[in-house]
Structures are given as C-alpha cells and as structure tokens.
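Comments concern the structure below.
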Amino acid sequence: MRILLPDDTELALEDGATGADAAAAIGAGLARAALAVKADGRLQDLSAPLHDGARLEIVTPSSDDALELLRHDTAHVLAAAVMDLYPGVKISIGPPIEHGFYYDFEFPDGVTISDADFERIEAKMREHVKADERFAREDVSVGEALERFVREDQPYKVELIEDLVRNEGVETVSLYTNGPFTDLCRGPHGPGTKRIKAFKLQSVAGAYWRGDASRTMLTRIYGTAFFSREELAEHLERLEEAKARDHRKLGVELGLFRFSPVAPGAAFWLPHGTRVFNALVALSREMGELHGYSEVKTPQIFDSVLWETSGHWGKYRENMFVTQAEERQMAIKPMNCPGHAHLYASERHSYKELPIRYSEPGLLHRNEPSGTLHGLLRVRHFAQDDAHIFCTEEQVQDEVVGCLDFAFSTLGLFGFDVQLELSTRPENRIGSDEMWDRAEGKLRQALEDRGLAYELNEGDGAFYGPKIDYHVKDSLGRSWQLGTVQLDYSMPERFGLTYTGADDREHRPVMIHRAAFGSYERFIGILIEHLAGRFPLWLAPVQAIVLPIADRHNAYASEVVEALRAAGLRVEVDERGESVGRKIRDAELRKIPLMLVVGDAEADGGTVSVREHGAEEARGVPVAELAARIAEQAAARAA
RNA sequence: GCCGGAAUAGCUCAGCUGGUAGAGCACGUGUCUUGUAAACACGGGGUCCCGGGUUCGAGUCCCGGUUCCGGCUCCA
C-alpha cells in the first residue's frame, strides 16, 4: 500500500503496515523518536495498522500534540503507581490538561493523600518508567469490559462504559495496559513509559466525580511531564516567577491593601491602593461622560420586597447579606440593577428620552461561599463600574456596540489579552424562542460589526437573556471574568417598566447590564499581576520620588517636590540619611516610575537627574520642563 | 459549601523524638554626608491563630473552631 507523507512524497509499505513500520521505513532516527502518528489528521498509536492512501505524519517530541500525549501517558503511570501503593483504590479519569495532567482517585477509607506522599508515589512511578512498559491497546466488547471492571470493583469505570453505551451507542471500547495497570481509555498513547523523561507531581485537591457537587468527592493528583529535565525545570521556574507576581503578595509588599480575618473576602485599602482605585473610578467616570452615561446613587439596603420583585430573593437569598430594621426584613444589595430599575420606574418616560444610561460605581456585597474567596479576585465586598441602559428594542444593537466600544477603549489602555465569550440561552429561561433568537442575533451581530473574535458558550446565558463576557487570565493562568454586556428582558417585566412610544402607547424597554472592569477589586488584582506591580505613571500611587544625595540637598529637594505637586503630581521625597544607592534600591523595590536625584549640580542649575525604569538616565533636566512633561503624560494616561 | 494542606516578630522563614522562642530584612536611635539597586553600630519588638484536652511541663501531641493556600462546585 501507499501512504502520503507531509512533503507530498509517497511511501510504499506492505499491506497491514503500522505507523511504527512507516517511521522505520523513513529512518532509524525517526523510528526511535516516534511517539504516535497522525493518519489523515487523526492521532493513533504507532502499533495501529495504516490504511492505503493515508496521509501520514509522524508525531515526535517536537510535534504540537506530543506533550499532551506524554502527559496522558504519565497520568496512566501515576495511576499504575497509586494502584501498586494503595490496594483497593478506585480509579476514575486522568486526562492531560493545559500544563500537565491529573488523575482522580477514590482512596480506601481512612487514607488521605497529601504532598508528603508524592515522593513515595513518584519513586514508584520511576520504577514503571524505568521498566519501559508498553502501552498495549486492546479493543474489547462492552460486555467484556464491563465484566472486567465489575470484577475489579471499579465502579467509576463501569459507569463510564454504561454512559458510553447509552449516549454514543458504542459496542466496543478500548483498553490500554501499561505494566500491571489496565485502563479504559480512548488513547492514543506513546510506545512505552520510558519516553517520560521528566515528570513531577504538583498538588492534590478534592474534585467531585463528574464535576457534580452532589456526588462523591474524589482525590485529584495534579502533575506535569516533559521530554527533558531542562524543560521541566524551566516550567517550574516560570511557575515560581508567576507566584512572585501574585497580587496578594505584591499588594501587601507595595502597601496597597490588606486582608483580615475580621472581614473575610473584604479588602482593607491602604492610602496607596486607594489612589489606584480612585484613579480607575475617575477613568470610568470620564469615559461615562464621553459615552452619555448619567451617574446615579441608589441605596445600599432595601426592603426584601424589592428583591422579591427582582427575583433575587428566590434564587440568591443564600448569597445575600440580610438584616433587620424595626421588624422589616432588609437586604444589602448584591447588584445595582433592581435599584436602577426602581429609579427608572419612579418617573414616566418618553421614547424621546431613550436610551437612558444610569451608571453607579456601586458598593455590593455578596455572601460568597467561604471556599471560593480568592484575594481580590473573588470577594464578598466590592464595587463595580456598573451601568444599566434602558432602551427600545430598536436601539439594542447600537447600544451593545457602544458597550463593546466603551469596554475596549477602556481595557485597551492596559494591554490585556481579553477573551470574549458569547453565552446563549440556558435550559431554564424566560421568554419566547423568538425573543432569544433576536437577542442572541443582536449580540452576535454587534461582535461581528466590530470584528471581534469570540468563543461561544452555549447554554451559559442568564435566565433573562444572553450575554457577552470579557475574560482575562491571572499570573497562574486562571481565567477570570471582568466586564459584561447582558441583555435583560426580565427585569423590565418584573418592575413593570414602560415608556411612551411615538404611537402614544406604553411599551416595554429593554434593559442592558454592562461593565467594562467588572469589579474594581478584581480588575486591580488582575492589573497588578499583569503589570507585576509596576503601574504606569498615571496610575502609580507615588509617581515620582525625589532623592537628595546628602542632607544639605534636602531644602532643594523640597522645592522640587513643591513644584511637581503644583503640577498635580503625586511626589515624595526620601530624606533618610542613607546612601543614594540605597535610596534608589528602595524606590526600585517600591516600583516608583520616576526617581529624581538631586545633588549640588542640580541645586545650582534648578534641574533634576531623572532615572526612569527602562530608560537612560537623563541629567540636568529643568524642573519646569519635567513637570510639564510628566503632567501631560499622566493626563494622557500614556502607558 | 466540599477535599487536602498551612498558620511562629511588620515581611520571609528556622525551631529535632515535648523542657524558658531565633535569624535575615523591615522598624527606632546614633555615627557617617553619601552621585544611580543594600554604609556601620546599637536597640525595641511575640496572645507561637483562637478555645479546650493529654502531660510535672505544649510553639511542638490530640480534639473543636477561625482564617489563609491549592483544587472542586458555585459565581445574579
């Protein structure tokens, strides 16, 4: 038979030849390096037979799919080692993931695993690797596979097979055996365990079977693997570096905020953190003015009837902070929208007024489950750059585009890599299919109008309408939602919102919920990690620090500070009796954008010596010139 | 909320099989008067997370709780 290679040459092989045979026919080196093959774009084992005319690609460690394959192999080796060490353990699933793999187990009663056990497990894994066990595939009937896993008392495997039969109607399944361990697995796998040159177990965590909180909690062991020790070491190094960017660490080091057990999930903002926060609120207000938003203020605590009207009482009561006032049940607001809807309803509106855009940097409280709190990224007490647009059905499309433009011109200042997600109708929803078709179509159209790439999240919309979310990743690659645009056909109904149309009849407005940053807390957390704590001039809590060389220069230093403050800049002076080297080091560690050294020469000439991160030092800069330049730079919010 | 782990000075951490709590940095004082990433000396600083138990004796062992960390579930 003939197969086609990537360079379009043909290779003649005997009928029934495998991927391994093909690799060997091309060259001995390639045969040694080969892990698997891609036949007509589909990955398969080296030992699987090829078919005539197949377009073949040999997968080696340098191929795109190789790491995933290796990590999947390693997951099987982990399972083998765990089976050796913990008799009676039940296995579930063990896939490769973005930077490694995991395997979920149910350990026998009384056995808990912690990272202290990793050494022992890794040692056992190394034995399996050293033995270079083959990954042997076997296709068996469903009956045979079920019989096997029932006999071995592996209920999770049995359930998986039963589901495969039910959902996909399979009649046979594939089993992979490496050494003493056999797993239900689609494959493919590499030829043998010896290809696993470098691996490491990383953490242990609980994980619900099938991601269902009502089912058993399994023990998940995470690890990673590479083709060389160097690559593993580099990866671990990168993880360490990422930890150094952690906003929880930098926030404390830079004196931005703190947390305390007296208020779990709520930040205490120090003066410097508050400056950053306020600078962002100012930005949002400025953008709001530009885009036709009107700021409003609504109460913090409402009678629970408002939450019943909005529907939050039924759905989110557990997650709301409830309080009491003279026998009346009140609740602290978890969102601004009911307040805004109530405000809208308090006046009559004509179509001529629409769209009405209410913004409010409102302070919100949500009683998030304790286990979900995470620094500034998931908190119970936060503020949003929130706004609600009340508009006619015809205006929705333009308003959504406006929201996207608002968000991108705002987020664009920070250089984030923003992922857009469009979430469509969930199973539990209100409104007709026609309404959903229209609403989803408008969001999609808005994204396409602006040429924005997005991911489709089917069924993930709110019960009252579809939405577009902006997602970014933190330093450790975890994805977080920032802003959003949500169409809401429910709230206007619940609050009986109307406007008088040109036809002199009452009509229902559409409500759009939108935010660019989302929560300021989360945004600042992400921003700190993104910038590694080095804020641009316009956001920096301290924009410049004046460093007198000796204390005879302190008086001149104070003059410089005054001049710069007069230009509206946030400036400090370091008058400590320390060396210049020391003052510079400390200012660098505080990540202050500008260091202004002043000595005899500067005092004589009315200048400063400017040290700026990532730039050449500039001596003899006249103070007035510097003040004008950086004031302009800050006003322009230049990066 | 669930599973696992952790908690010692402002920060980072050491403290063995139970025997009066330590370092570096930071902070304070003094000396030095400094030219682009750490001058030197001295000093102050502790509810060893909280509550209970075991013990002659608990930072250390056991139980309960709190918060945090890593995940899972959830996230209007």
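Quick note on labels: first sequence line is chain A, next is B, and so on, each numbered from 1.
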(message) Given A37(B), A26(B), A76(B), identify the nucleotide with an atom nearest to the side chain of E588(A).
(response) A37(B)
(message) Nearest to the A205(A) side chain among C72(B), C75(B), G70(B), which nucleotide is it?
(response) G70(B)
(request) Between Y208(A) and A550(A), just flag the one whose closest nucleotide in RNA chain B comes earlier from the 5' side. (result) Y208(A)
(request) Measure distances between side-chain N and O atoms of R378(A) and base N and O atoms of C75(B), and say whether any donor-acceptor pair falls under 3.5 Å. (result) yes
(message) So, OP1 or OP2 of A39(B): does either fall under 4.0 Å of a side-chain N or O from S579(A)?
(response) yes
(message) Between E529(A) and K473(A), does the salt bridge (charged side-chain N to carboxylate O under 4.0 Å, His left out) criterion hold? Intermediate values first, please.
(response) CA-CA 9 Å; E529(A) 302 198 354; K473(A) 287 187 173 166; over 6 Å; no
(message) Please confirm whether the ring centroid of F101(A) lies under 6.0 Å from the ring centroid of H72(A).
(response) no
(message) Looking only at the side chain of Y316(A) (C-beta and beyond, no hydrogens), which of the listed nucleotides U34(B), A76(B), C72(B) gets closest?
(response) A76(B)
(message) By the 4.0 Å heavy-atom rule, please label A213(A) as base, sugar-phosphate, or nothing.
(response) sugar-phosphate
(request) Using Watson-Crick or G-U wobble geometry with both distances below 3.5 Å, tell me the partner of C13(B), or none. (result) G22(B)
(message) Tell me which nucleotide, if any, is Watson-Crick or G-U wobble paired with G28(B) when both distances must be under 3.5 Å.
(response) C42(B)
(request) Would you indicate, yes or no, if C25(B) has its OP1 or OP2 atom less than 4.0 angstrom from a side-chain nitrogen or oxygen of R585(A)? (result) no
(message) Tell me whether the side-chain N or O atoms of S609(A) pair up with the base of U36(B) as donor and acceptor below 3.5 Å, since no angle test is needed here.
(response) yes
(message) For the CZ atom of F390(A) and the CG atom of L343(A), what is their distance to the nearest 0.5 Å?
(response) 7.5 Å
(message) I'd like the C1' distance from C25(B) over to A38(B), given in whole Å.
(response) 10 Å
(message) Under 3.5 Å for both donor-acceptor distances, Watson-Crick or wobble: does U36(B) have a partner, and if so which one?
(response) none
(message) Mind checking if G518(A) touches a base, just sugar-phosphate, or nothing, with heavy atoms under 4.0 Å?
(response) nothing
(request) Mark yes or no for a side-chain to base donor-acceptor pair under 3.5 Å between Q202(A) and G71(B), with no hydrogen or angle criteria applied. (result) no
(message) Base, sugar-phosphate or nothing for Q486(A)? Non-hydrogen atoms, less than 4.0 Å.
(response) sugar-phosphate
(request) With heavy atoms under 4.0 Å as the rule, sort P334(A) into base, sugar-phosphate or nothing. (result) base
(message) By the 4.0 Å heavy-atom rule, please label D600(A) as base, sugar-phosphate, or nothing.
(response) base
(request) For H374(A) and C69(B), give me the distance from atom NE2 to atom P, rounded to whole Å. (result) 7 Å
(message) Any base atoms under 4.0 Å from G371(A), or only sugar-phosphate, or nothing? Heavy atoms, all strands.
(response) base
(request) Take atom C1' in C16(B) and the same atom in U29(B), then report the distance between them in whole Å. (result) 38 Å
(request) Over all heavy atoms of both residues, which pair between W209(A) and S92(A) is shortest? Give the atoms and the distance, please. (result) CZ3-CB, 3.4 Å
(request) Please measure how far the C1' atom in U55(B) lies from the corresponding atom in U60(B), and state the result in whole Å. (result) 13 Å
(request) Searching all strands shown, indicate the nucleotide that pairs with U60(B) (Watson-Crick or G-U wobble; both distances under 3.5 Å). (result) none
(request) Hunt down the Watson-Crick or G-U wobble partner of C72(B), both distances under 3.5 Å, from any strand shown, or write none. (result) G1(B)
(request) May I have the distance from Y222(A) (atom OH) to G5(B) (atom P), rounded to whole angstrom? (result) 17 Å
(message) Rounded to whole Å, how long is the line connecting atom CG of D212(A) with atom C1' of C72(B)?
(response) 11 Å
(message) Over all strands shown, is Y102(A) touching base, sugar-phosphate only, or nothing at heavy-atom distances under 4.0 angstrom?
(response) nothing
(request) Calculate the interatomic distance between L218(A) atom CG and G4(B) atom P; express it in whole Å. (result) 13 Å
(message) Applying a 4.0 Å non-hydrogen cut-off, can you work out what R220(A) is touching in the nucleic acid: base, sugar-phosphate, or nothing?
(response) sugar-phosphate
(request) If U67(B) has a Watson-Crick or G-U wobble mate with both distances under 3.5 Å, name it; if not, just say none. (result) A6(B)
(request) Take the protein atom CG of L239(A) and the nucleotide atom P of G71(B), then report the distance between them rounded to whole Å. (result) 11 Å
(message) Looking at C69(B), I'd like to know if its phosphate oxygens (OP1 or OP2) sit under 4.0 Å from a side-chain N or O belonging to R248(A).
(response) yes
(request) Return the value, rounded to whole Å, for the distance between atom CG of L377(A) and atom P of C68(B). (result) 13 Å
(message) In this structure, how many angstroms lie between the P atom of U36(B) and the CD atom of E616(A), rounded?
(response) 14 Å
(message) Base, sugar-phosphate or nothing for T112(A)? Non-hydrogen atoms, less than 4.0 Å.
(response) sugar-phosphate
(request) Is it possible for you to check whether R514(A) lies under 6.0 Å from the centre of the six-membered ring of F406(A), through NZ or CZ, and within 45° of that ring's axis? (result) yes
(message) Is it the case that the side chains of Y208(A) and R210(A) hold a donor-acceptor pair, with the cut-off being a distance below 3.5 Å and no angle test?
(response) no
(request) Compare every heavy atom of H340(A) with every heavy atom of S359(A), then report the nearest pair and how far apart it is. (result) C-CE1, 4.3 Å
(request) Would you mind classifying the nucleic acid contact of F463(A) as base, sugar-phosphate or nothing, using non-hydrogen atoms under 4.0 angstrom? (result) nothing
(request) For nucleotides C32(B) and C42(B), find the distance between their C1' atoms and express it as a whole number of Å. (result) 15 Å
(request) Specify the separation, in whole Å, of atom CG of D474(A) and atom P of G71(B). (result) 9 Å
(message) Roughly how many Å apart are A9(B) and C49(B), using the C1' atom of each and rounding to a whole number?
(response) 14 Å
(request) Scan G311(A) against the nucleic acid and name what it touches under 4.0 Å (heavy atoms): base, sugar-phosphate only, or nothing. (result) nothing
(request) Would you classify V597(A) as touching base, sugar-phosphate or nothing, given that sugar-phosphate means primed atoms plus P, OP1 and OP2, and contacts are heavy atoms under 4.0 Å? (result) base
(message) Can you confirm if the aromatic rings of F517(A) and Y520(A) lie within a centre distance of less than 6.0 Å?
(response) yes
(request) Please report the shortest heavy-atom distance between S558(A) and E575(A), naming the atom on each side. (result) OG-OE2, 3.8 Å
(request) Please state the P separation for the pair G35(B) and C48(B) - nearest whole angstrom. (result) 46 Å
(request) Assign I113(A) to base, sugar-phosphate, or nothing according to its heavy-atom contacts below 4.0 angstrom with the strands shown. (result) sugar-phosphate
(request) Mind checking R478(A) for me? I need base, sugar-phosphate or nothing, with any heavy atom below 4.0 Å counting as a touch. (result) sugar-phosphate
(request) Examine U34(B): is either OP1 or OP2 under 4.0 Å from a nitrogen or oxygen in the side chain of R552(A)? Give yes or no. (result) yes
